[in-house]
Each structure stands twice: as structure tokens, then as C-alpha cells.
Amino acid sequence: MYKGSCLCGAVRYEIRGPIDRTSNCWCKMCQKQHGAASGPYANVASSDLHWVQGADAIARYASSPGVERSFCKVCGSTLTWQSASHSERNAVTLGTFDTPYEGKVTHDLHLESKPGWLP
Ligand SMILES: [Zn+2]
Ligand SMILES: [Zn+2]
């Protein structure tokens with residue numbers, strides 16, 4: 001099981017199942033939302049993701065048709081990315097994990113947008 005939380009601690013979650021896939025998305029929208037070069041995600045079954053605290057502190061934003069990103073409305077930490085056409089899956093931001101993830105990110109998405117300023 002993996003535990004995670006936002007920066008301010010209002011939102012806490014548990015992933016009670018396996019991480020099936022990890023990805024690092026370099027698209028412009030992930031850069032904007034994360035305020036960073038990329039958005040690293042762990043792909044899990046939606047039924048394994050449990051908001052154990054602060055579900056009412058989660059804001060949701062439809063960044064494009066059928067895609068919803070969630071974040072803490074207190075501190076702004078990005079939490080999930082989800083496609084409506086695959087709502088049985090959820091991509092949880094690896095940076096909000098409290099339990100160390102021992103694996104490596106295995107997939108890169110939208111590498112064409114990788115910024116040149118990254119070392
Ligand atoms: Zn927060
Ligand atoms: Zn992206």
C-alpha cells in the first residue's frame with residue numbers, strides 16, 4: 001500500500017493495490033499544472049485509490065474535453081489526472097507520495113515538449 005498527501009496535509013490518500021505503470025508526461029499542460037518540467041504519475045485502479053482525509057478540499061479542473069485534473073484547493077498540490085473514457089484508471093502524482101516508490105518511471109509521454117533548460 002502507498003500513502004500520499006498534499007503539501008499542506010489537508011488531503012491524504014491511500015493506494016490499496018498495485019501500481020501498474022508509471023509515466024512522466026512532458027506535455028505543456030502538465031508543465032503548467034505542476035509548475036515543473038514534467039508530471040510524473042503512477043497509474044492505479046480507481047477502485048484502489050481512497051481519499052482518507054480532506055476529500056472536500058479537492059478541486060477538479062477539466063483541462064481538455066474528457067480529462068480531469070484534481071488538486072488541493074488549499075495548497076495547490078496536483079493530485080490526479082483522469083480520462084473520462086478510462087475512469088476505471090487514475091493517474092496519481094508520484095511527487096505527492098509519502099511512501100517511497102522504489103521503482104523507476106518507465107514511460108515518457110510527449111517528449112517533444114521537454115524543455116531545453118532541463119540539465
Ligand atoms: Zn493541500
Ligand atoms: Zn501531460
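First listed ligand is number 1; within each ligand, the first listed atom is number 1. If you're wondering where the values come from, they're calculated on a predicted model, not measured in any experiment.
- To the nearest 10 degrees, the angle centred on the Zn ion (ligand 1) between SG in Cys72 and SG in Cys6 reads 110°.
- The cluster map of Ile, Leu, Val, Met, Phe, Trp and Tyr, joined by side-chain heavy atoms under 4.5 Å apart, puts Leu94 and Val11 in the same cluster.
- Between Tyr13 and Phe97, the ring planes lie perpendicular to each other; the angle is over 60°, past the 30° to 60° tilted range.
- Geometry note: the Zn ion (ligand 1) is the vertex, Cys8 SG and Cys75 SG are the arms, and the angle is 110° (rounded to 10 degrees).
- A salt bridge between Asp20 and Arg89 is present, with a side-chain N of the basic residue lying under 4.0 Å from a carboxylate O of the acidic one.
- Angle SG (Cys25) to the Zn ion (ligand 2) to SG (Cys27): 110°, rounded to 10°.
- Put simply, His110 stays out of reach of the Zn ion (ligand 2), with no N, O or S atom under 2.8 Å from it.
- For the pair Tyr41 and Cys25, the tightest heavy-atom approach, listed with the atom from each and the gap, is CE1-CB, 4.0 Å.
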